[in-house]
Amino acid sequence: MRFNAGEIASVIQKEIEQYESTLDVREVGTVLDVGDGIAHVYGLSNVMSGEMVEFPCGVHGLAFNLEENSVGIIILGDYLDIHEGDEVRSLGTLLSVPVGEAVVGRVLDALGNPVDGKGPLRTTERRPVEFLAPGVAQRQPVREPLQTGIKAIDAMTPIGRGQRELIIGDRKTGKTAIALDTILNQKTTGVKCFYVAIGQKDSSVAGVIKMLTDHGALDYTTVIVSGASSPAPMQYIAPYAGTAMAEYFMFAGQHALIIYDDLSKQAVAYRQLSLLMRRPPGREAYPGDVFYCHSRLLERSAKLSDELGGGSLTSLPIIETLEGEVSAYIPTNVISITDGQIYLQPDLFFAGIRPAMNAGISVSRVGGAAQVKAMKKVAGGLRLDLAAYRELEAFAQMGTELDKATQSRLDRGSRMVELLKQPQYQPLPVIDQVMSIFAGTRGHLDDVSLGDVRAWEEAFLRFMHSQRPQLVEALARTLDVTDDMAAQLTTAIQDFKASYRPPAREPTTDQA
């Protein structure tokens with residue numbers, strides 16, 4: 001058999017031309033062990049901290065611990081499909097979540113996947129979950145008010161756009177209620193709201209979503225859910241994912257509000273991951289960097305400089321205490337990071353004072369800078385007055401004879417406490433708050449029966465809107481109470497009192 005050299009050369013030439021390199025270059029490792037939401041992987045020698053990796057089953061993970069002979073990976077999904085010996089591939093990217101207008105009005109998990117059955121998110125934009133907080137030169141002082149619609153808070157611990165105000169208290173003292181009222185009050189302000197549920201019962205989160213839907217607040221709110229049944233890595237990631245979505249609006253020159261409910265459970269999830277990774281435990285078995293875990297999250301809330309668009313991100317972190325122990329590790333950490341705290345006291349809550357805010361311990365480190373002029377004028381000494389009333393009240397319980405001046409201060413204090421009570425899901429416009437507090441602090445409620453204070457206030461506000469709309473409009477326009485307006489307001493209150501008849505009530509043993 002003879003071979004034709006020309007034919008052989010042409011076949012070889014054709015093969016060379018059609019040859020395509022299928023060389024697959026990627027960094028891979030092998031799973032050594034897996035369980036409890038983490039995996040130890042051998043190999044991946046060039047992987048970086050925070051880099052994404054992929055397992056054969058399609059589940060992603062995050063490089064968390066870089067050790068001498070292995071890499072600790074936290075698994076962002078179901079770890080039951082991952083087995084010892086599986087190949088792990090590094091992706092060379094950071095963890096990111098979808099952002100933009102498409103996320104508003106949706107319920108998402110910690111990775112930005114929809115869980116509300118409304119179809120996929122129609123957005124191509126993404127932001128990294130971990131992002132460097134704006135520096136000092138990129139910020140401006142907090143001056144613009146963010147109204148919560150709650151009289152006690154807007155009067156005594158005002159919150160400004162770009163501020164971080166901690167809500168702290170025992171379980172079942174109304175922490176989430178304050179946060180949700182604040183969301184409801186943003187309906188006409190254009191503020192985009194983000195509610196991050198960490199380690200909450202699914203039934204509780206479902207109730208929150210229903211309430212937001214019923215009040216029309218879900219139209220401008222995004223809910224990020226990492227419930228009690230979610231693995232620890234997802235609970236740890238959730239606040240950062242929510243912040244990345246909210247930051248998009250801040251850097252676009254808009255205003256956003258984010259609520260972390262609650263960071264105690266995120267700290268517990270982070271402790272679980274750290275102990276499984278065999279990081280050395282510190283106080284209360286938390287790792288040494290749990291402070292950094294929260295500080296790098298909360299420092300991302302800011303009021304940006306005008307050069308960067310003047311957008312803002314306001315955060316209301318929630319911390320749950322045990323038996324009122326505010327000196328525990330996580331509460332003290334977060335108190336030292338935030339710009340003030342609203343402390344909710346169980347005794348006040350069970351006494352029917354809601355919101356159960358302790359005016360003596362609660363503080364806003366931004367202060368009057370985040371208040372409108374009208375509120376600053378009418379509520380200037382309210383906090384000190386209430387703190388003094390609490391002391392007098394304790395003194396009066398000893399049964400000593402009180403002089404007339406002390407008795408009148410006690411009477412006015414009890415009426416102010418009654419006036420500051422507010423039903424849930426009924427935030428008040430700031431002008432209505434100003435008119436109510438003006439009436440209380442100027443002594444116009446001193447002759448009103450204690451049990452009639454709430455009914456008097458409702459009737460008074462109705463009277464002002466129907467009979468004195470020009471004055472209400474002037475207050476809303478100027479957001480100030482001039483001497484002339486104060487005189488008009490006093491006259492209006494006197495006119496109202498002349499015609500007011502308290503509602504008939506069942507006789508009680510309570511005495512004003």
Side-chain angles (χ1 to χ4, degrees), residues 50 52 60 62 76 93-116 118-135 137-140 142 144 146 159-164 179 182-183 186-187 189-198 209 212 217-226 234 236-261 263 266 294-317:
M52 295 285 288
H60 288 120
L62 199 65
L76 305 173
T93 58
L94 295 171
L95 178 60
S96 63
V97 289
V99 297
E101 292 287 347
V103 305
V104 178
R106 301 300 299 270
V107 182
L108 313 170
D109 69 6
L111 300 177
N113 303 313
V115 292
D116 52 7
K118 295 181 182 175
L121 291 177
R122 302 191 180 279
T123 179
T124 54
E125 295 184 84
R126 298 182 76 85
R127 274 186 74 84
V129 161
E130 295 274 8
F131 195 78
L132 201 61
Q138 297 169 297
R139 299 172 182 251
Q140 60 176 297
V142 174
E144 206 177 334
L146 183 129
I159 299 170
R161 290 182 177 175
Q163 190 176 342
R164 300 150 301 176
T182 307
I183 290 178
Q186 307 312 311
K187 194 164 194 170
T189 62
V191 175
K192 299 288 191 295
C193 300
F194 293 81
Y195 177 80
V196 186
I198 311 155
I209 294 166
L212 291 173
L218 201 62
D219 300 341
Y220 53 88
T221 305
T222 305
V223 180
I224 295 100
V225 183
S226 185
M234 301 293 266
Y236 163 63
I237 287 295
Y240 300 101
T243 307
M245 294 177 196
E247 270 179 338
Y248 169 85
F249 295 100
M250 176 175 76
F251 286 110
Q254 298 181 49
H255 303 287
L257 166 71
I258 186 162
I259 285 136
Y260 308 108
D261 192 7
L263 289 186
Q266 193 226 4
H294 285 150
S295 65
R296 76 173 189 267
L297 170 70
L298 293 167
E299 282 297 312
R300 289 163 72 175
S301 299
K303 169 73 173 160
L304 293 181
S305 64
D306 291 333
E307 291 76 23
L308 292 174
S312 73
L313 173 56
T314 311
S315 59
L316 296 179

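The figures that follow rest on heavy atoms only: side chains count, while hydrogens, waters and symmetry mates do not.
- The distance from atom OG1 of Thr93 to atom CZ of Arg126, rounded to the nearest 0.5 Å, is 9.0 Å.
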Inset, instruction - Evaluate the criterion side-chain contact (heavy atoms from CB on, under 4.5 Å) for residue pair Met245 and Arg127; output intermediate values, then yes/no. - result: CA-CA 7 Å; Met245 294 177 196; Arg127 274 186 74 84; over 6 Å; no
Inset, instruction - Please step through side-chain contact (heavy atoms from CB on, under 4.5 Å) for the pair Tyr195 and Asp261, ending with a clear verdict. - result: CA-CA 7 Å; Tyr195 177 80; Asp261 192 7; 2.6 Å; yes
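- The side chain to side chain contact (heavy atoms under 4.5 Å, CB included) check on Val115 picks up Val107, Asp109, with sequence neighbours excluded.
- In plain terms, the two heavy atoms of Gly50 and Leu94 that are nearest each other are O-CD2, 3.6 Å.
- Of the N and O atoms on the side chains of Gln266 and Tyr236, not one donor lies less than 3.5 Å from an acceptor on the other residue.
- Closest non-hydrogen pair, Leu111 versus Pro98, comes out as O-CD, 3.9 Å.
- Judged purely by atom type and a 3.5 angstrom limit, Gln140 uses its side chain to pair as donor or acceptor with the backbone of Leu304.
- Between Ala302 and Arg139 the shortest heavy-atom distance is CB-NH1, 3.2 Å.
- In this model, no donor atom of one side chain and acceptor atom of the other lie less than 3.5 Å apart for Arg161 and Ser312.
- Separation of atoms SG (Cys193) and CD1 (Ile259) is listed at 6.5 Å; rounding is to 0.5 Å.
- Taking all atoms of both residues into account, the shortest heavy-atom contact from Val97 to Gly112 is CG1-N, 4.3 Å.
- In terms of heavy atoms, Pro128 sits closest to Ala244 at O-CB, 3.6 Å.
- Annotation: the span from Arg296 atom CZ to Tyr240 atom OH amounts to 3.5 Å, rounded to 0.5 Å.
- For Tyr220, there are no ring pair (Phe, Tyr, Trp, His ring centres under 6.0 Å) partners, not counting sequence neighbours.
- Within the model, atoms CZ of Arg106 and OG1 of Thr221 stand 14.0 Å from one another, a figure rounded to the nearest 0.5 Å.
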Inset, instruction - Give the C-alpha distance, both sets of side-chain angles, the deciding distance and a yes or no for side-chain contact (heavy atoms from CB on, under 4.5 Å) between Thr182 and Leu316. - result: CA-CA 10 Å; Thr182 307; Leu316 296 179; 4.1 Å; yes
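- No donor-acceptor pair closer than 3.5 Å links the side chain of Thr222 to the backbone N or O of Phe194.
- A distance of 4.0 Å separates CD1 in Ile258 from OG1 in Thr243, rounded to the nearest 0.5 Å.
- Residue pairs meeting the salt bridge (charged side-chain N to carboxylate O under 4.0 Å, His left out) criterion with at least one partner in residues 95-105, sequence neighbours excluded, do not occur; the list is empty.
- Looking at every heavy atom in both residues, Arg164 comes nearest to Ser315 through CG-OG, 3.1 Å.
- Among Gln163, His255, Glu144, the single residue meeting the side chain to side chain donor-acceptor pair (under 3.5 Å) criterion with Lys303 is Glu144.
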